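One structure is given here, and the rest of the page talks about it.
Residue numbering restarts at 1 for every chain, and letters A, B, ... go by the order of the sequence lines. Please read all numbers here as calculations on a predicted model, not as lab measurements.
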Amino acid sequence: MDSEKFILKNKSLPDEAIPVIESMQRDGEKVLFVIVGDLTLKGRYAPTALIFTDQAAVRCDSGEVSRYLYKDMTEVESKRMYGNATLSAVMPNGKREIFFRYTYAVAALCDAAALFINHLNNGADLMEENAIMTVTFERALSVCPKCGRTLLHPGAECIMCRSKIKIIKRLSKYITPQIKTLIVCIILSLITTAMSLVPPTITGFIVDVVFGTSEKSNIGILNTIADMVGPDTMRLLFTMIACLLFTYILQYGIGIVRSYLMRTVGDKAVAALRSDIYRKAQYLPMKFYDKTSTGSVINRIASDSSTLQQFMLRITQEAVVHAFQLVGIVIIMMTLNPHLTLLSLIPVIFIVIATRIFSKKIHPYYRRIWRRWSSVFSTLSDTIPCIRVVKSFTGEERSAQRFEEKNNDWLQMDLKIGKLATSFPQIISFMVTCGSLIIWGFGGTKVLEGDPAYSAGLIVSFISYASMFYNPVTFFANLSDSFQGALASTEKILDILEAEPETHAESHVVPDKLEGKIEFLHVGFSFDRSKKVLDDVTVTINPGEVVGIVGTTGSGKSTLVNLLMRFYDGYSGEILVDGHNIKNFDLSAFRAQIGYVQQEPMMFSDTIFNNIAYSNPDATVEEVLHAADVANAHEFIARQPDAYDTVLGERGVGVSGGEKQRISIARAVLKSPSILIFDEATAAVDSETEHLIQEAIDRLIAGKTTLMIAHRLSTLRRANRIIVVDGGKIIENGSPEELMALKGKYYKLVQIQSMTADAERMREEERL
Amino acid sequence: MSNGTKERRFVSGNDRITVYENNLITLTFEDGTAVERLEPRRLFPVNLLSSYITLLDKEGREIAVIRELTDLDKDSREIIRRSLEDYYLVPHILRIVTVTEKYGTLHWKVETERGIKEFDIRNRNHDIRINKDGCVRVRDSDDNRYVIPDYKRLDKHSRNYLISDL
């Protein structure tokens, strides 16, 4: 049974598989890993298992065990269908047989397993292939193998099962600088709590000794004060009022100091945390942003950090205060009168239970309200930016109705919860008051009966204490909820803080000025190991060459550029620039040598001047003006009322897409890079603007190694070499003339595009 | 420039500037050639007020750029200065008389060196911009500009109005 624990698997093994594995192990077969599936061959949901040993794959499915030797299987294939997928292989009888069926939940593992078998049959090393599978298993884990909790993303560490000390250590970094203030805060809290416990005793004393007939109370210090004041009850009353005033002043005065200090501690901690997350987010590799939406990263920086801060403060402060208050009250009540104490605690039990029930009941409602609200919000963000479409298809009424529906849903839900949410506090208060009735009833009877252990003052103090008791009780009853929330936030924050930043190799070669020779040597790349985006790409680009990269969407041409920019480092093979492996270059120094112009230019909401100077913040005014000249941007900038001081993204700033593109080209000019990359730079603009941009590009690329990704072949008229990429491979490579003579893919593309161009020209002529 | 960009011409101290009409000027180069009907415009109307003044012709083409106003002789400088003053009307706010708010739009009544003016501010985050040196730039809902050279030197009353909006 023990050996079962060490077998690599994605879920706990189904019962029927365990004896199978055990018997195989007894026979000396080595079990490598098990894919626990969820679908039988007949298509019913049930746990199944595909056990991979060093010789064969063994399927346990609906009580049947089938064995498939690797050497009997050829062309193992994983095929994704709709909601389910299959593993199949060509068996010795020459027919393709499906030997495992599963849902998408395990599809990634089965994809890898298919490769595993094929590679083994091609003579690959067993241990090496097993190592790849181990990695795949780790990445594919979407639930924690220990506790079964769903992870933030497949392969993430489970926050519940992590060493809590490590988490606390990680976060304490933000609290420790404030530790002195925090300790002062806790001490002050203890004082204020202690002060809050005093008044009920004094009021009890006033009732008994000042108004009543008792000579003495059972509180020693108050007796001493009474002795010092003398027999005058009026004087005694005002002395007691003075005592009350003194404790109130102390309690609330210290309260002010404490709250202020608390706020400082909290603000400082959260500010430090937030800056850290932001800084880290800047250095995270593109890979991280591929799997995490930018919105979620923004959310983590903005709101998860404050959720966490609130929780840290709650734990360090409120928990201490409440615990102290709870203990303090019980001790005082017990010393005053144990019987009455136990009696007055009866409603507490009900209140704790009621609170738990209430929060359990109301929690899903809050989530529902929240979901209704986000659906209202998404209607908003869907339709308002698309208002042009809405109007052009006369959809105003439809979208108004849709919004009204969603808004009504929200209203209904909110009204529903309203009853519950507003009645609960009232019910709790009612129960607390009923608690005081018990004290009145029981204690009052005793007082009237003349029991010396009971007095009117005692009952008055008791009622005050009992009511103070409920605050800390409800606090602890609800603590676990806020703990859950904080844990979720912590998980998301740590995901950023602990993610690997972009890799920097040990040897930081700082390129002085690159010649611009680029070599791809057997480069292969895949985002998720299942589909190769680039496959064994080898190409050399000489300094000063202008290379056009063409290919259909998804052919891998942008990936080529992304790898060169080092947005992704996990590729096989080598990329050399000027003979150096680009992984050995200092990352920022290397990127500084590359000018990159995207299809959709990204602008910061800052002045045009600063947007251009972003690539070189030390540039002088005239250098920026020159860059704008080269980019054909100066004239339209000068026409803006605020010229270079125009703030982009503001109301009334009319900068078109083509103009932004020229600003981004100016940005690239100012960088004076050695290598230029244009990723569909003119794809989104009209032909006149394209001409202006083309002119700018022509000026910019003089003498520089240039890669141009383009759909429109007209963009590539300056290219002296064309690379055609298809299916992750370079299928054609040569000068435009050579490729035309080849009559291959490039030739076909040119034919198609010149046909459309001809048609356009004819239409143009007709119009004239 | 080797890469085919037109070389920018800067106005030198020996070039002359005369009035053409209104705020338009005529630029006479040292060699006697003259270009008429030019409009001086600031390339940095917010950040650099007396440098990088471009001279545009009727079609908006740039004929030359004045690097610094001080590069010019006294008469020419004065002409440019007056032309810019006509073109860029950015009154100085001397005092904020009242500020009211309605439906999120601010309504300011201010005293400028050009008299009392009332205007709306639509977006207090974008349309009131404060510089580190204390200079505040205000844009009203009609895209008119105002400036408070140093808000710290406003009277207390105006300062309170301003601070409550920032």
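- Within 6.0 Å of the NZ atom in A/Lys268, the count of heavy atoms belonging to other residues, nucleotides or ligands does not exceed 12.
- Across A/Val621 and B/Leu48, no two heavy atoms sit closer than the pair CG2-CD1, 4.2 Å.
- Heavy atoms of B/Arg42 lying under 4.5 Å from chain A belong exclusively to its backbone.
- Between chain A and the residues B/Pro45, B/Gly60, B/Ser51, the most heavy-atom pairs under 4.5 angstrom are made by B/Pro45.
- For chain B, the nearby parts of A/Leu625 are the backbone and the side chain; heavy atoms of each come within less than 4.5 Å.
- Dense packing is recorded around NZ of B/Lys117, with more than 12 heavy atoms of other residues, nucleotides or ligands lying under 6.0 Å away.
- Other residues, nucleotides and ligands place no more than 12 heavy atoms under 6.0 Å from the OH atom of A/Tyr278.
- The environment of A/Tyr260 atom OH is sparse: at most 12 non-hydrogen atoms of other residues, nucleotides or ligands sit within 6.0 angstrom.
- Residue-environment remark: NZ (A/Lys517) stays at or below the threshold of 12 foreign heavy atoms within 6.0 Å.
- Between A/Phe609 and B/Asn47, the closest side-chain pair of non-hydrogen atoms is not below 4.5 Å.
- To the nearest 0.5 Å, atom CD of residue A/Glu635 and atom CG of residue B/Leu56 are 8.0 Å apart.
- More than 12 non-hydrogen atoms from other residues, nucleotides or ligands lie less than 6.0 angstrom from NZ of B/Lys152.
- Taking CD1 of A/Ile637 as the reference point, atom CG of B/Leu43 lies at 9.0 Å (rounded to 0.5 Å).
- Contact tally against chain B (heavy-atom pairs below 4.5 Å) for A/Thr607, A/Ile608, A/Asp642: the top residue is A/Asp642.
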Next item on the list: Before giving the answer on side chain to side chain contact (heavy atoms under 4.5 Å, CB included), spell out for B/Arg8 and A/His634 the whole-Å C-alpha distance, their side-chain angles and the decisive distance to 0.1 Å.
Entry: CA-CA 11 Å; B/Arg8 169 165 293 111; A/His634 177 76; 3.3 Å; yes
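- Heavy-atom distances place no part of B/Tyr87 under 4.5 Å from chain A, backbone and side chain included.
- Summarising the local packing, CZ of A/Phe403 is surrounded by more than 12 heavy atoms from other residues, nucleotides or ligands at distances under 6.0 Å.
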